[in-house]
Amino acid sequence: MPKNVFSRNELGDNKIKKIEKSRKQREKSTSIRVSVDTANQLNALVSVLGLDSVTELLGQLSESAVDNLTDEEKIEYKTMKKILDKKRK
């Protein structure tokens, strides 16, 4: 018999969030060069907003930027993202 048995009912919100967070951490990462001033701005925003990382902040900022695009720009954005995603694979 296994020591632990998995049950979806036993998983609380915290455990689910931890699982989702660990999945996000497994994603490949890359470096982006920015000025020291920009890095300080980003890190300050992460602290003030209570976020976990600059990656989370940039994700929120990029989603907000995409939401503000025109329909034509959104189509162009999605096309460019698909191209860039394929290049990285």
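For reference, positions follow the sequence shown, starting with 1. Computed from heavy atoms alone, side chains included, the values below leave out hydrogens, waters and symmetry copies.
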**Q.** All side-chain contact (heavy atoms from CB on, under 4.5 Å) counterparts of K81, not counting sequence neighbours
**A.**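 Partners of K81 by the side-chain contact (heavy atoms from CB on, under 4.5 Å) criterion, ordered by chain and then number, come out as Y77, D85.
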**Q.** For S29, all residues meeting side-chain contact (heavy atoms from CB on, under 4.5 Å), sequence neighbours excluded
**A.**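 Residues passing side-chain contact (heavy atoms from CB on, under 4.5 Å) with S29: none at all.
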Q: Mind listing the closest non-hydrogen atom pair of R88 and T30 along with its distance?
A: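 So the minimum-distance heavy-atom pair works out to NH1-OG1, 4.2 Å.
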Q: Can you sort out the partners of T70 under side-chain hydrogen bond (donor to acceptor under 3.5 Å, both in side chains), two or more places apart, ordered by chain and number?
A: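 Once residues adjacent in sequence are excluded, the partners of T70 under the side-chain hydrogen bond (donor to acceptor under 3.5 Å, both in side chains) criterion are E73.
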Q: Just jot down the side-chain hydrogen bond (donor to acceptor under 3.5 Å, both in side chains) partners of S31, sequence neighbours excluded, or say none.
A: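 Expected list: none.
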Q: Flag yes if more than 12 heavy atoms outside N68 fall under 6.0 Å of its CG atom; otherwise flag no.
A: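 More than 12 within 6.0 Å, yes.
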Identify all side-chain donor-acceptor contacts of residues 54-65 below 3.5 Å with residues at least two apart in sequence or on another chain.
unit_1 : atom_1 : unit_2 : atom_2 : d
E56    : OE1    : D52    : N      : 3.0
S62    : OG     : L58    : O      : 3.1
S62    : OG     : G59    : O      : 3.0

Q: Nearest 0.5 Å please: distance from the NZ atom of K74 over to the CG atom of D67.
A: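 Rounded to the nearest 0.5 Å, the NZ-CG separation comes to 6.0 Å.
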**Q.** Atom pair CG (D71) and CD (E76), whose distance is rounded to the nearest 0.5 Å
**A.**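 So the gap between those two atoms works out to 13.0 Å.
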Side-chain donor-acceptor pairs of residues 41-50 under 3.5 Å, sequence neighbours excluded:
unit_1 : atom_1 : unit_2 : atom_2 : d
Q41    : NE2    : D37    : OD2    : 3.1
N43    : ND2    : A39    : O      : 3.1
S47    : OG     : N43    : O      : 3.2

